[in-house]
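Lettering of chains follows the sequences in order, A, B, ..., and the numbering in each one begins at 1. Both backbone and side-chain heavy atoms feed into the values below; hydrogens, waters and symmetry mates do not.
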Number of protein chains: 2
Amino acid sequence: MNSSGDSMAQADDESLLRETGASRDTSTSRDTGTLGKLVMLLDLVTHADVPLRFTDILALANQPRGTLHRQLGHLVAEGLLELDAEGRYAPGLRLLDFASRSWARNEFRLIAAPHLASLHRETGETVHLGVLRGSSIIYLDKVEGHQPVRMYSQIGNASPCYCTGVGKAALSVLSPVKLNELLSALHFNRFTPATHVKAESLLAEIGEIATAGHAFDREEHEAGICCVAAPIWSDDRSFIGGVSVTGPAYRLSMELLQEWTIPVQVTARKIMDEMRVRLGPRR
Amino acid sequence: MNSSGDSMAQADDESLLRETGASRDTSTSRDTGTLGKLVMLLDLVTHADVPLRFTDILALANQPRGTLHRQLGHLVAEGLLELDAEGRYAPGLRLLDFASRSWARNEFRLIAAPHLASLHRETGETVHLGVLRGSSIIYLDKVEGHQPVRMYSQIGNASPCYCTGVGKAALSVLSPVKLNELLSALHFNRFTPATHVKAESLLAEIGEIATAGHAFDREEHEAGICCVAAPIWSDDRSFIGGVSVTGPAYRLSMELLQEWTIPVQVTARKIMDEMRVRLGPRR
DNA sequence: TATGATTATTCCATTATTTGGAACTTTATT
DNA sequence: AATAAAGTTCCAAATAATGGAATAATCATA
């Protein structure tokens, strides 16, 4: 489960950016004036694999030189970006302070934590907790497996919804209207040979997932990595997320994944029950 | 070492905010136009202990109703804030995505990680890595217990420089001019009976720290917690941070802390040496 | 180290966005 | 049901952002 396309890590002039599916493509439509443009830049710099020079950003951001220069200057002045001695822009550490507080206080994560721990004890593999934001899954927590496996998942990372277990599980509990909206705006990106690249095939699988109550990821995002996931949602669907058990394909046979659908769904159920009690049944 | 004054966590109407020393007081002077105002709001909401309602923010932000309403609306639209069903504003999860990438790529942290691990093996206590940003220390990494890092446990939190081991160590390698600038703008906050609340006493200790090459925190930030720290800096002082070993006062006698000054300073030295090789000796 | 090429920064009249007071709507309280 | 409190919308005026072009600083190469 990787931040999206480590295979493209060697940057050439045309693809300094990682594509995270459709995480960026909504920012053009919603009108947030000056902020929208600045957040777009923030997105651009934070999603690049390496610090970007002014000209790199100029090519990517589609803004006039003067405008871009001032915008970057403001972001640097606020500590949201950092400009090194070689004139390269990197994400700023101020973002960490904001985010650490966002994470520390997140109620969903706090409620789920003990349940993730016991699911991890039961399976011995890495457990993830994620939440649907737009068309991305943001990972809120993870409990690592005992056996070290090279996996690039990172708490806080946004990953596409259409090729992750948690993502597909989340989609399966969306209302048909919302699901349709989301899918029609989705931009598919092939990460592995198994990645869904068409809405039709994805939609078909989502139907099965909705019936079964669990989703699999068979090396659809990262080669060699697969998982079982179950959705977690509030009554009014204003909140949608999921929990998963992830590991290397050579260790996780289809039979084993199938077996784990039960503990994963039980964990999801427990978290949901506790959310209803703690946050009120309505939402 | 905590996020800053957990002892004040019980919020009354007048102090929904945590004061982190002088982390917020610079935002008024630098001119970043619209962005500056929006970041101030972000700061306000992320540093509150609980989700804030519109009126709470109105009272704290000193902005007209209409203006504030649109600003918050934009922040919510961009996912930097979230507005729950009860009309309360909380930090948005989009911040996590930005920050996780900032953290994952941070070169200082990547270089330091193995050295932190061996310092932890040697001492058996919690090891912290921090960097000076403005008048705050931002914690970039920590090695705790025998488990690998949990990214946001406290990592990313900004703490005051004047009452943390890493902070005081960092101040000790600032140029006199910069130190003076920083101290004169500093707002002291008493966290424990041992906290420095005057520039004079702090300055005196910083002199001793500069000579000794290490700093102690004797329960100055959090009661019952003390540490030894050593500074880490680049040749041109464009980068300043530090490393520390932290633990409960009942376990860490002054003798033990004194003994650990050596491994802590050796660790700092190793990290600096490697930074010179990897990032160039100039800076 | 001189020269041309590339990259970064500054400037300012024009344009677009933000501002803020007030009216209005919704939600809680008595 | 009446009243108060909280939240939302509106729009002319004030302010900040824009973007093209000129200038300055760097880098690569002879």
Under 3.5 Å between N/O atoms: give me all the protein pairs with nucleotides 14-17 of chain C, atom names plus distance.
unit_1  : atom_1 : unit_2   : atom_2 : d
dT17(C) : O3'    : Thr34(A) : OG1    : 3.4

Item to complete: Please report how far the helix from dT1(C)-dA30(D) to dT30(C)-dA1(D) bends, comparing the axis fitted to its first five pairs with the axis fitted to its last five, to the nearest 10 degrees.
Response: 60°

Practice prompt. Determine whether the side chains of His74(B) and Asp31(A) contain a donor N or O and an acceptor N or O closer than 3.5 Å.
Written response: no

Taking [atom1] from [X] and [atom2] from [N], how many angstroms apart are they, rounded to a whole number?
X: Tyr89(B); N: dA6(D); atom1: OH; atom2: P; value: 15 Å
X: Met40(A); N: dT18(D); atom1: CE; atom2: P; value: 10 Å
X: Gln71(A); N: dA8(C); atom1: CD; atom2: P; value: 16 Å
X: Leu35(A); N: dT18(C); atom1: CG; atom2: P; value: 9 Å
X: Asp56(B); N: dG7(D); atom1: CG; atom2: C1'; value: 13 Å
X: Arg88(A); N: dC27(D); atom1: CZ; atom2: P; value: 12 Å
X: Phe54(A); N: dT10(C); atom1: CZ; atom2: C1'; value: 11 Å
X: Asp84(A); N: dA8(C); atom1: CG; atom2: C1'; value: 14 Å

Practice prompt. Check whether any side-chain nitrogen or oxygen of Gln63(B) sits under 4.0 Å from OP1 or OP2 of dT18(C), and answer yes or no.
Written response: no

Worksheet item: Does a side-chain N or O from His69(A) land closer than 4.0 Å to OP1 or OP2 of dT9(C), or not?
Response: yes

Item to complete: For Phe54(B), enumerate each residue passing the ring-ring contact (aromatic ring centres under 6.0 Å, His included) test, keeping only those at least two apart in sequence or located in another chain.
Response: His69(B)

Fill in: side-chain hydrogen bond (donor to acceptor under 3.5 Å, both in side chains) partners for Arg109(B), two or more places apart
none

Discussion item. I'd like to check the side-chain hydrogen bond (donor to acceptor under 3.5 Å, both in side chains) partners of His115(A); sequence neighbours left out, ordered by chain and number.
Written reply: Glu274(A)

Worksheet item: Given Glu78(B), which of Val76(B), Leu75(B), Leu80(B) fulfils the side chain to side chain contact (heavy atoms under 4.5 Å, CB included) condition?
Response: Leu80(B)

Could you list all N or O pairs between the protein and nucleotides 22-24 of chain D that sit under 3.5 Å apart?
none

Measure the [atom1]-[atom2] distance between [X] and [Y] for me, rounded to the nearest 0.5 Å.
X: Leu140(B); Y: Phe108(B); atom1: CG; atom2: CZ; value: 6.5 Å
X: Ser102(A); Y: Glu82(B); atom1: OG; atom2: CD; value: 7.0 Å
X: Trp103(B); Y: Ile155(A); atom1: CH2; atom2: CD1; value: 8.5 Å

Salt-bridge contact [X]-[Y] (side-chain N to carboxylate O under 4.0 Å):
X: Arg94(B); Y: Asp43(A); result: yes
X: Arg276(B); Y: Asp235(B); result: yes
X: Asp56(A); Y: Arg88(A); result: no

Worksheet entry | Student check: side-chain heavy atoms of Pro91(B) and Arg105(A) closer than 4.5 Å | yes

Worksheet item: Touch check for Arg70(A), heavy atoms < 4.0 angstrom, all strands: base, sugar-phosphate only, or nothing?
Response: base

Worksheet, complete the sentence: His74(B) has its side chain closest, among dT7(C), dT18(C), dG20(C), to dT18(C)

Discussion item. Quick check: on DNA chain C, is the nucleotide nearest Gly66(B) upstream (toward 5') of the one nearest Thr67(A), or the reverse? Name the residue that is more 5'.
Written reply: Thr67(A)

